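To start, the structure under review is shown below, and the notes come after it.
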Amino acid sequence: MGNTERKKMTVTRFREKKARGEKLAILTAYDFFTAKTLDRAGVDSLLVGDSVGMVLYGEKNTHPVTMEMMLAHTRAVARAAEFALVIADMPFMSYQPSFESAITNAGRFIRESFAEAVKLEGGIEMAATVKRIVECGIPVMGHIGMTPQSIHRFGGARVQGRKELSRQYLIDSAEALEEAGAFSIVLELIQADVAAEVTTAVDIPTIGIGSGKECDGQVLVINDILGLYDIYTPKFVRKYADLPPVIEKAASDFISDVRSGRYPGDDESFFKKE
Ligand code: KIV
């Protein structure tokens, strides 16, 4: 699609896309250049995920990610995004302790790093928090299923929705989040038939990650689809490119050019000869 006919994505347009049966395509981004490239490619939204802790900082999980890290990465992404909706992920313990912490930190993303929405993890138990943030004028994306900030409670990255209790909890949670004013919900690692049920239970778009094809959209971590994170690759990830060999080749060409004196050449000096 040419940029002339492309409209800025908003939370309202998110819902309209579901109503029209159009799928939403979302990728994570953490830096200016990647965000600019993905925006140009046409993603509907750029999610500044707390996955940044693992894929950029090499942490074991998302727990060590701080507000300051997320604010800095979100600001870089927001500077680059022309059309995509910029969503900032609220890090562990930035919203769970109290309504006050949730509202204050959600507000910081809007005011200090120019996010257009925030995302937080949790189902029915987080609905009241979502409501309070939305009442402050800040759009909220929910996130249910295998929520990574609760990895220790789940005992690992396990598929959710297998048992009747868990299936009912997911449906009740999606409905409670919609009622609280969430504009969309991420469904992570939910059994596909349950994710489909959740998707029909709500009018707001569901965005799947490892939750089958019936969701209203899909999100993946950019580093995973480019082969730029090999510590752990979930089965649902599709690798669209394998960049490490390209980067390694460029770096080794540079190293050998420097060592052999082929770089810099005469025309690559900052002060070019006339
Ligand atoms: O942190 C993240 O990147 C996420 C998405 C993968 C949903 O929460």
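Order of listing sets the numbers, starting from 1, for every ligand and every atom in it. This structure is a prediction, so every number in the text was calculated from the model and none was measured.
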Review point. Would you say Y30 has any N or O atom under 3.5 Å from an N or O of ligand 1, going by distance alone?
Key: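 No - when backbone and side-chain N and O of Y30 are compared with those of ligand 1, no distance drops under 3.5 Å.
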Exercise for review: Return yes or no for this condition: an N or O of T28 is under 3.5 Å from an N or O of ligand 1.
Suggested key: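 N/O-N/O distance under 3.5 Å: no.
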If the cut-off is 4.0 Å to any non-hydrogen atom of [X], which atoms of ligand 1 fall inside it?
| X | value |
| --- | --- |
| K119 | 8 (O) |
| G49 | 1 (O), 2 (C), 3 (O) |
| D89 | 1 (O), 2 (C), 8 (O) |

Point to revise | H73-Y57 aromatic ring centre distance below 6.0 Å | key: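 Yes, the ring of H73 comes within the 6.0 Å limit of the ring of Y57, centre to centre.
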Check your understanding: Which residues, ordered by chain and number, are linked to F114 in its hydrophobic cluster, where ILVMFWY side chains connect at heavy-atom gaps below 4.5 Å, directly or through other members?
Key ->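 None; F114 is a cluster of one.
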Check your understanding: Does H143 come within less than 4.0 Å of ligand 1, judged by its heavy atoms?
Key ->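 So H143 counts as touching ligand 1.
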Exercise for review: Could you find the nearest protein heavy atom to atom 3 (O) of ligand 1 and give me its residue, atom name and distance?
Suggested key: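 Here the closest protein heavy atom is S51 OG, 2.5 Å.
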Check your understanding: For atom 6 (C) of ligand 1, which protein heavy atom lies nearest, and how many Å away is it?
Key ->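 Nearest protein contact, heavy atoms only, for atom 6 (C) of ligand 1 is I209 CD1, 3.6 Å.
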Check your understanding: Taking atom CD1 of I207 and atom CG of L187, what is their separation to the nearest 0.5 Å?
Key ->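 It is 8.5 Å, given to the nearest 0.5 Å.
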Exercise for review: For S51 and Y229, run side-chain hydrogen bond (donor to acceptor under 3.5 Å, both in side chains): C-alpha distance rounded to whole Å, both residues' side-chain angles, the deciding distance at 0.1 Å, then the answer.
Suggested key: CA-CA 11 Å; S51 49; Y229 184 70; over 6 Å; no
Check your understanding: Distance only, no hydrogens: is a donor on one side chain within 3.5 Å (strictly under) of an acceptor on the other, for Y263 and S256?
Key ->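 On atom types as modelled, these side chains do not qualify, holding no pair under 3.5 Å.
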Check your understanding: Under 3.5 Å, is there a donor-acceptor pair between the Q149 and N61 side chains?
Key ->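 Note: Q149 and N61 side chains miss the donor-acceptor criterion.
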Check your understanding: Nearest to atom 7 (C) of ligand 1 by heavy atom, L47, D50, L27: which?
Key ->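 The option holding the nearest heavy atom is L47.
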Check your understanding: If you look only at pairs with a residue in residues 131-141, which of them pass as a salt bridge (charged side-chain N to carboxylate O under 4.0 Å, His left out), with sequence neighbours excluded?
Key ->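 Sorted result for residues 131-141: K131-E135.
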